[in-house]
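Chain letters run A, B, ... following the sequence lines, proteins first, then strands; residues in each count from 1.
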2 protein chains.
Amino acid sequence: MAASVSTAMRKATLQDIADLAGVSRATVDRALHGRGRVMEGTRQNILRIARELNHSPNLRARGLKLSQSFLIGMVVPNISKSFYADVVEGTEECLKEHGYGLILCNIVARQSAERYQTILRMQGVDGIISCAETGYGWERHLRAFADEGTPVAMINYRVRGVDGPVVYVNQRKGGYLAAKCLLDAGHRRIMFIGRSKGYINLERKQGYRQALKEAGIEPEEQLSISFENWDEEFDLFVNGLMGGKEPPTAAFIPSDLAAARFINRLQSRGYRVPDDLSVVGFDDLSSLEWFIPRLTTIRQQKKEMGFYAAELLLAGLKGRETKDILLDVSLVERHTVASLPERKIADFKGDVTGG
Amino acid sequence: MAASVSTAMRKATLQDIADLAGVSRATVDRALHGRGRVMEGTRQNILRIARELNHSPNLRARGLKLSQSFLIGMVVPNISKSFYADVVEGTEECLKEHGYGLILCNIVARQSAERYQTILRMQGVDGIISCAETGYGWERHLRAFADEGTPVAMINYRVRGVDGPVVYVNQRKGGYLAAKCLLDAGHRRIMFIGRSKGYINLERKQGYRQALKEAGIEPEEQLSISFENWDEEFDLFVNGLMGGKEPPTAAFIPSDLAAARFINRLQSRGYRVPDDLSVVGFDDLSSLEWFIPRLTTIRQQKKEMGFYAAELLLAGLKGRETKDILLDVSLVERHTVASLPERKIADFKGDVTGG
DNA sequence: GTGAAAGCGCTAACAA
DNA sequence: TTGTTAGCGCTTTCAC
């Protein structure tokens, strides 16, 4: 008992084990790693002593020698958004299996970008996983890391000028499925509500346009809107488009969060969803699990995004060839899409053929 | 240009700077840290060269010498629950200000507890922040860390046998406020729905009981229920208590998530909330932002919990005295509590006085 | 099979 | 004010 108390004071080193075993550090090292030849007897003895001393290798020392840290930086825009928490969980799951520590980098301002560039650099992380359009100048820092030789894996899109594997999501298919679902329900005047810029939204919009075109509908730019300031612009929208003589009957909103906001506003103006307007979102956020009406949306494999990015990064560290990954998306049908009554469809068709 | 390309290949070391400045490593070290005396001219020169070389200290080397890692382990049961994501965000915010890296430890199974005990130990973290009742044997590992001298800060309660500052939440006051709010609305038969074990729930229940007693009501054990298996037991509950001749009119459910589930079930059985039953939850989860009816609940300062735990831990590392913190809670009145119609109150009072 | 020795980058005690 | 030196714990040649 007294012995175990005293040994607990300082962590055991290879030298401690070597002393007790009556061998050299080098031999202990070999025995512990199963590298090189060590007599079976000595090996067993060393292993036993190591266990008794509760030895665990000092990664700082090993890393100093090997220029490794067994640390990976994980960069996200905002961990308190369920989307990123899910992605992080996937990465974390993979890294822990491989003995790597995950340094969480939450980039919520220009200052945090600076901070984490410093922290990751000083810690000498073995690699960086960068998720989504972080902003705040992070892209520039990431490029600097890449230029210095730090391996990088990206999620969602390739940061310009940065080499490394990318986990893509089939955004375009998502947009396509969303619009298709609405078209299949008989809708013809389908809005796209969201920004028409940035790689991700642009892809989603492309998919939406493609579905419309395949259905013989020319996408109208008038039906593509975006709210910068909801309080001001939502009124304009309701009084304008929605109140017009040929109001849209459906909307594809490439973000669940925006879809929820939109539906809420709509409801407070007396509209019903999906009765008056059908809506399809994007993301399938777990934080909207309780939103009523339950959102019909496009599911992204969030945990997988993080997991595969980590796998690719680690594979790269081991010198293996890596290829970009394209993750599939799927339509989750819930309660925000209604079939357009035949009457309305007929009316609308009449309009078109008649015009 | 050529020079900058070549210098980018390897990270600059103190020696590199020393060579260029024509001084020794020690002098560079002193200049960079502002420790000890260095001639102003040499200092400026060294600083300039360091900047040109884009030098950043190698924490592995420094740590090896100083027995520090500038790494903190943050242990949570499940990062994909918004509650823990919020707590982690608070910790992260504090740590990054101080240049520490946060290693995220998501303990979702016995195996992850093992993994992280290994990872944190090998990385030689400077401290550990442990949040809530993690389970999966983590407590035992935490104790081992503490025994070995790793500083620990805890959130929510003290792990038995572990020394270190604790950030408490006034759970009891929360339970009290919840029950009080229901009492003030005229309710008398108020259920407690949740487990009656574990420090946290027990405290919340104590507060609830205290409020009832202060209102002259003796808490009935019959009104304290817990669902282990919702599918089976909810039916029993509806047919039993709710269908009885003196059904409860309100419930304090010390967990927003459980409250949401409960309300959903209730609604699907035809009950209305708050009309037929008032409900107060606990946590004020951001993931229930969209839950309708919006939950009346007890707000915990989640980010603050993480932030203060980090502050306490770092203060301890600097050798400063630390004291436990007790965080306040507050009632957030939203839409799940209704006043009991006077009639019912009168009826009930009659029952009691008449009995 | 095993040991001796050098060195990863940094810090700090001691000398000059 | 500055340099020399030793050493943190581990890995890895190179001898033996």
Side-chain angles (χ1 to χ4, degrees), chain A residues 7 9-47 49-50 53-71 99 121-126 148-149, chain B residues 7 9-47 49-50 53-71 99 121-126 148-149:
Chain A
T7 54
M9 294 315 292
R10 188 178 58 82
K11 278 184 189 158
T13 70
L14 288 197
Q15 188 65 66
D16 296 332
I17 301 174
D19 291 348
L20 282 172
V23 296
S24 73
R25 288 203 305 274
T27 304
V28 175
D29 188 60
R30 282 189 278 259
L32 255 33
H33 288 87
R35 278 198 286 267
R37 246 132 274 289
V38 181
M39 273 220 318
E40 193 48 29
T42 7
R43 140 168 289 124
Q44 294 298 340
N45 192 232
I46 288 170
L47 259 36
I49 295 176
L53 259 39
N54 195 13
H55 171 264
S56 74
N58 180 327
L59 285 191
R60 281 195 296 279
R62 177 186 290 175
L64 185 57
K65 179 73 187 174
L66 266 39
S67 287
Q68 270 193 271
S69 62
F70 305 95
L71 251 21
R121 194 155 191 272
M122 295 204 309
Q123 291 286 358
V125 291
D126 292 343
E148 278 196 343
Chain B
T7 55
M9 293 314 293
R10 187 178 57 83
K11 279 183 188 160
T13 71
L14 288 197
Q15 188 65 65
D16 297 332
I17 302 174
D19 291 348
L20 282 173
V23 295
S24 72
R25 288 204 305 277
T27 304
V28 175
D29 189 58
R30 282 189 280 259
L32 256 32
H33 288 86
R35 277 199 286 268
R37 247 131 274 287
V38 182
M39 274 220 318
E40 194 48 30
T42 10
R43 139 166 292 121
Q44 293 298 341
N45 192 232
I46 287 171
L47 259 35
I49 296 176
L53 259 39
N54 196 13
H55 172 265
S56 73
N58 181 327
L59 284 192
R60 281 197 295 280
R62 179 186 288 175
L64 185 57
K65 179 73 186 172
L66 266 39
S67 288
Q68 270 193 268
S69 62
F70 305 95
L71 251 21
R121 196 153 190 271
M122 295 204 310
Q123 291 286 357
V125 291
D126 292 343
E148 277 195 343

Nucleotide [N], atom [atom2] - distance to [atom1] of [X] in whole Å:
{"X": "L32(B)", "N": "dA12(C)", "atom1": "CG", "atom2": "P", "result": "13 Å"}
{"X": "N45(B)", "N": "dT1(D)", "atom1": "CG", "atom2": "C1'", "result": "15 Å"}
{"X": "R37(B)", "N": "dA12(C)", "atom1": "CZ", "atom2": "P", "result": "16 Å"}
{"X": "R121(A)", "N": "dG9(C)", "atom1": "CZ", "atom2": "P", "result": "14 Å"}

Quick note, salt bridge (charged side-chain N to carboxylate O under 4.0 Å, His left out) partners involving residues 15-32 of chain A, not counting sequence neighbours, are R10(A)-D16(A)

Scanning both residues in full, the closest heavy-atom pair of L32(B) with A50(B) reads CD1-CB, 4.2 Å

- request: Go through the steps for R43(A) and L47(A) under the test side-chain contact (heavy atoms from CB on, under 4.5 Å), then give the verdict.
  value: CA-CA 6 Å; R43(A) 140 168 289 124; L47(A) 259 36; 4.2 Å; yes

Check the phosphate of dG3(C) against S24(A), side-chain N and O only, distance under 4.0 Å to OP1 or OP2. Yes or no? yes

**Q.** Side-chain N,O (T42(A)) to OP1/OP2 (dT2(C)) below 4.0 Å
**A.** yes

Does the side chain of [Y] come within less than 4.5 Å of [X]'s, by heavy atoms?
{"X": "L20(B)", "Y": "L53(B)", "answer": "yes"}
{"X": "R60(A)", "Y": "L71(B)", "answer": "no"}
{"X": "I17(A)", "Y": "H55(A)", "answer": "yes"}

Give every pair of a protein N or O atom and an N or O atom of nucleotides 8-12 of chain D that lie under 3.5 Å apart, one pair per line with the distance.
{"from": "dC8(D)", "atom 1": "O2", "to": "K65(B)", "atom 2": "N", "distance (Å)": "3.3"}
{"from": "dG9(D)", "atom 1": "N2", "to": "A61(A)", "atom 2": "O", "distance (Å)": "3.1"}
{"from": "dC10(D)", "atom 1": "OP1", "to": "H55(A)", "atom 2": "NE2", "distance (Å)": "3.2"}
{"from": "dC10(D)", "atom 1": "OP1", "to": "N58(A)", "atom 2": "N", "distance (Å)": "3.3"}
{"from": "dC10(D)", "atom 1": "OP2", "to": "L14(A)", "atom 2": "N", "distance (Å)": "2.6"}
{"from": "dC10(D)", "atom 1": "N4", "to": "R25(A)", "atom 2": "NH2", "distance (Å)": "3.0"}
{"from": "dT11(D)", "atom 1": "OP1", "to": "H33(A)", "atom 2": "NE2", "distance (Å)": "3.3"}
{"from": "dT11(D)", "atom 1": "OP1", "to": "R62(A)", "atom 2": "NE", "distance (Å)": "2.7"}
{"from": "dT11(D)", "atom 1": "OP1", "to": "R62(A)", "atom 2": "NH2", "distance (Å)": "3.3"}
{"from": "dT11(D)", "atom 1": "OP2", "to": "D29(A)", "atom 2": "OD1", "distance (Å)": "2.0"}
{"from": "dT11(D)", "atom 1": "O2", "to": "K65(A)", "atom 2": "NZ", "distance (Å)": "3.3"}

